[in-house]
Amino acid sequence: MKASLPVPHQERIENPGEPEEENRGALRKRLLFSLAAVGVLLVLGFWLRWRHIQNVSLHVDEFTTLWAARRTLELGAPLMPSGVLYTRGLLATYVTALAGALAGLDYTTGRLPALFFNLATIAAIFAIGRREWNGRVAWLAALGLTLLPEAIVWGGRARFYAQLQFFTLLTVWAAFWAVKAPDAEKGWSKELFKRHLIFSLFFLLALFSQEQTVLLYPPLLLGMALWRGLRWLLRREVWPAHALILAGMVVRYLIEIFGQPGFFETIQAERPYVTPRFDVATAWPAYAPLLTAPERLPWTLAALLAVGVALVALAQQRWRLAHLRPFHQATLFFAWPFLFVLIFILTLVGGQWREARYLFLVQPLWLLTGAAGAIWPIEARLAREPWRWATTLALSGVVVWMGWQPALAATTRQVEGYDRVFEYVTRHRQPGDVVMTPQPPACAFVLGAPCDFYAVQRVYEEFVINRDGILVDRWSGARLLNRTDQLEATLHSAPRVWLVTDAFRLATRYESDFQRMVIEQFDIAFQERGVMALLAQGWRAQPTYTLEHAFDPPLRFGRLELLAWRSTAPVIGEPLHVELTWRAAAPIDRQLNTSVRIVSAEGAVLAQQDGPPARGILPTTLFFEAALPDWKSLSPPPELRPGRYRLEVVVYAPDAGAVEEGPLPIGEIELSGSSN
């Protein structure tokens, strides 16, 4: 006789061995227990996600959803001022617009749909876990989703990911429910047709929530074929649902092509979605933390255990899936789409699309499979129900202990403060002011109308469209400003010019001459959470430099290197304007300030000015290969005698006072008598 694996406990709604009244009483107790358990998780989940909504600024992508929702409220469709249709997360846009119609569209109401969809996913994962495995798997998986940091984040953002995850989970469950439909004894099976129709409905809802849903169809189709056979897919109760899904994919593609002319083609050319490079080693670091972080590794190992046990059981059943115990069938069916999506994004997704959020739609499947693997040893070793629940609750305590701090951190982890900065600009904007930004949807939503310019020089091609010979931003219709001469002309013609950007984009999306003009002409009017409102009030003339010196090779100051310096004429009684030109010589992990000094032959410091390079507009942590200016103004004492003096420079960390390098001489100046 062959040894077989222990059979996990599978809850049943009915027990024919009990009298009817006792069976009803047991059913009521289970129902009340389930409702109480879900209620506790929903309250906890709501509190965590509400903290995120109240504490964390809007991610830049949220403004696009909110702007599209506002356009939908105004026009009935997310038709942008540029004339294109905002197709990303189409269903989520309408849901957000509905929330805005009911309660007024603002930051909070725009985020509420994601909150409710995420809470619904917690309830759904519990219901599915209880139905397909048992109550202990349901509780553990739902607890994991409640505390999952990215679920807290996306459950508190005005984007489509929470909605996508909800419909994805229901889609996978409906597919499993469909393959388990009993065959009719003869002829038409109404039940089979109904289940497939529901499966296709959930799939289409997920598809129109976000097009990434297409990744689900191949593994689900293959799973159905493995469970029931290829001929089963051709049954008249089955194939219409798949025809409906394929038609939905075609419609979704046509909406993309005609609603966003040129968008799909430009993305494929600039940063393609799919590139068959199979470079797993490069892709893995983007997703590894989701599976191997200390608080997540037990889930992954438990999921592997569940799948391994199910495969052993399948081998014992001579690879006949339909003969497996329901517990193991559910494990294999739900694990397979997760594994397929993971393999796909590790091997085929383009390098610029390797982000953790693209695994979010199938993370409930990982949690369910992990919960099944954690519960299986409990079911196999403990016979009494109270002991099983006691062990499960102890395991839940471990989950909370490991997951609580990451969950809390997700409720306060800030993003760029574009909301705060644009609100500042809205309050201080004057008639005739020009506003430009690399984030035009945020500008349009907060200011109530599109900005004057979409100011960016790199990585903009997919976000612009030609309208009457002019390139404009797709989402707001703001005119593209991508040349330094355009910036200069605007500064000369407008009384005041605002540039709202974050330091990272200023460092990476612009050429050095553009960056230099920004640093020369703009001042920081307001900054919050890495975002700056830079204000230029007319054209600012630069000093006339008479002395210049370049270093070849550059003069090294630790992690900064000095390329050149120049100064105005050194005259006693007048400020000496010095401009240094720096670039990074190595990665810089802290702010570095510079000190320029006039030093006598005896080594006495006669004048100096300290401060950050680039006037603090760009931190040195974002200095790269571009050459950036550093202006200092020194006032030599009026009692100084004419003669030769040294210029020395020190580079240091202002927070700790540690000297990076210096003082080092960079040249000499000859002070002449006062021009008076």
Side-chain angles (χ1 to χ4, degrees), residues 34 37-38 41-42 45 49 89 91-92 95 113-135 137-155 159-180 195-221 223-224 245 290 299 303 306 329-342 345 357-372:
S34 296
V38 171
L41 295 179
L42 291 179
R49 287 145 183 82
L91 180 60
V95 172
L115 169 64
F116 290 128
F117 272 112
N118 197 245
L119 294 179
T121 308
I122 293 173
I125 199 173
F126 185 93
I128 291 170
R130 186 174 185 275
R131 180 185 179 93
E132 306 303 342
W133 286 273
N134 58 44
V137 172
W139 164 260
L140 206 59
L143 177 62
L145 185 61
T146 301
L147 298 176
L148 191 67
E150 50 268 40
I152 295 169
V153 170
W154 293 114
R159 289 298 276 171
F160 41 73
Y161 291 101
Q163 181 175 313
L164 170 66
Q165 188 186 71
F166 175 70
F167 287 125
T168 294
L169 178 59
L170 293 183
T171 296
V172 175
W173 169 78
F176 186 51
W177 187 47
V179 300
K180 296 192 303 177
R195 294 189 184 191
H196 271 83
L197 195 61
I198 291 174
F199 157 65
S200 64
L201 173 63
F202 285 141
F203 186 94
L204 292 175
L205 288 171
L207 177 66
F208 282 87
S209 296
Q210 216 268 350
E211 59 273 16
Q212 188 191 355
T213 304
V214 297
L215 295 182
L216 286 177
Y217 191 61
L220 293 180
L221 190 65
M224 289 178 170
I245 287 173
L290 299 179
W299 287 97
Q329 282 199 46
T331 295
L332 292 177
F333 195 93
F334 280 76
W336 165 233
F338 175 82
L339 182 61
F340 178 90
V341 172
L342 177 62
I345 63 178
R357 56 180 166 164
Y358 297 121
L359 199 61
F360 183 67
L361 81 166
V362 290
Q363 281 184 284
L365 311 183
W366 167 71
L367 289 169
L368 282 166
T369 310

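Values reported hereafter were calculated over all heavy atoms of this structure, with side chains retained and with hydrogens, waters and symmetry mates removed.
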Has the side chain of T213 got a donor or acceptor atom that lies under 3.5 Å from a matching backbone atom of A206?
yes
Please enumerate all residues that pass side-chain contact (heavy atoms from CB on, under 4.5 Å) together with L204, with sequence neighbours excluded.
L207, L244
Working to the nearest 0.5 Å, report the span between CG of L342 and CH2 of W366.
11.5 Å
Strictly distance-based, threshold 3.5 Å: is any side-chain N or O of R49 a donor or acceptor partner for the main-chain N or O of G45?
yes
Rounded to the nearest 0.5 Å, how far does CG of L197 lie from CZ of F202?
10.5 Å
So how far is it from H196 NE2 to M224 CE, rounded to the nearest 0.5 Å?
4.0 Å
When every non-hydrogen atom of F333 is compared with those of V172, the smallest separation belongs to CE2-O, 3.6 Å
What distance separates L368 CG from L140 CG, expressed to the nearest 0.5 Å?
10.0 Å
Is any side-chain heavy atom of V362 closer than 4.5 Å to a side-chain heavy atom of L216?
yes
With sequence neighbours excluded, what pairs up with F199 under the ring pair (Phe, Tyr, Trp, His ring centres under 6.0 Å) test?
H242
Salt bridge (charged side-chain N to carboxylate O under 4.0 Å, His left out) pairs, two or more places apart, involving residues 143-154
E150-R296
How are the rings of W154 and F360 set to each other: parallel, tilted or perpendicular (split at 30° and 60°)?
tilted
Contact summary for A372 and A306, nearest pair of heavy atoms:
C-CB, 4.1 Å
Nearest atoms (heavy-atom pairs only) where G144 meets L367:
C-CD1, 4.0 Å
Can you list everything that forms a side chain to side chain donor-acceptor pair (under 3.5 Å) with T146? Sequence neighbours excluded, please.
none
Just wondering, do L91 and F167 contact through their side chains at under 4.5 Å, heavy atoms?
yes
Heavy-atom closest pair (F160 atom, G89 atom, distance to 0.1 Å) is CD2-CA, 3.6 Å
Among all residues two or more places apart in sequence or in another chain, which pass the side chain to side chain donor-acceptor pair (under 3.5 Å) test with W299?
none
Which pair of non-hydrogen atoms, one from A162 and one from G155, has the smallest distance, and what is that distance?
CB-CA, 4.4 Å
For F166, the side-chain contact (heavy atoms from CB on, under 4.5 Å) test, sequence neighbours excluded, returns F117, A120, T121, A124, L170
Applied to residues 164-177, the side chain to side chain donor-acceptor pair (under 3.5 Å) test, sequence neighbours excluded, yields E132-W173
Side chain to side chain donor-acceptor pair (under 3.5 Å) partners for Q163, two or more places apart
S209
Counterpart residues, side chain to side chain donor-acceptor pair (under 3.5 Å), relative to R159 (two or more places apart):
T65, Y86
Closest non-hydrogen atom pair between A371 and A141, with its separation
CB-N, 3.8 Å
Can you check side-chain contact (heavy atoms from CB on, under 4.5 Å) on W139 and N134, steps first, answer last?
CA-CA 9 Å; W139 164 260; N134 58 44; over 6 Å; no
Set of residues satisfying side-chain contact (heavy atoms from CB on, under 4.5 Å) with respect to A142, sequence neighbours excluded
L41, I122, I125, F126
Excluding sequence neighbours, so at least two apart, what forms side-chain contact (heavy atoms from CB on, under 4.5 Å) with F340?
P218, P219, W336
Rounding to 0.5 Å, atoms CZ (F334) and OG1 (T369) come to a distance of 8.5 Å
Identify, with sequence neighbours excluded, every residue that meets salt bridge (charged side-chain N to carboxylate O under 4.0 Å, His left out) alongside E211.
R88, R252
Could you walk me through whether Y217 and I245 pass the side-chain contact (heavy atoms from CB on, under 4.5 Å) check?
CA-CA 9 Å; Y217 191 61; I245 287 173; 3.9 Å; yes
Atom CG in L164, atom CG in L205: separation rounded to 0.5 Å?
11.0 Å
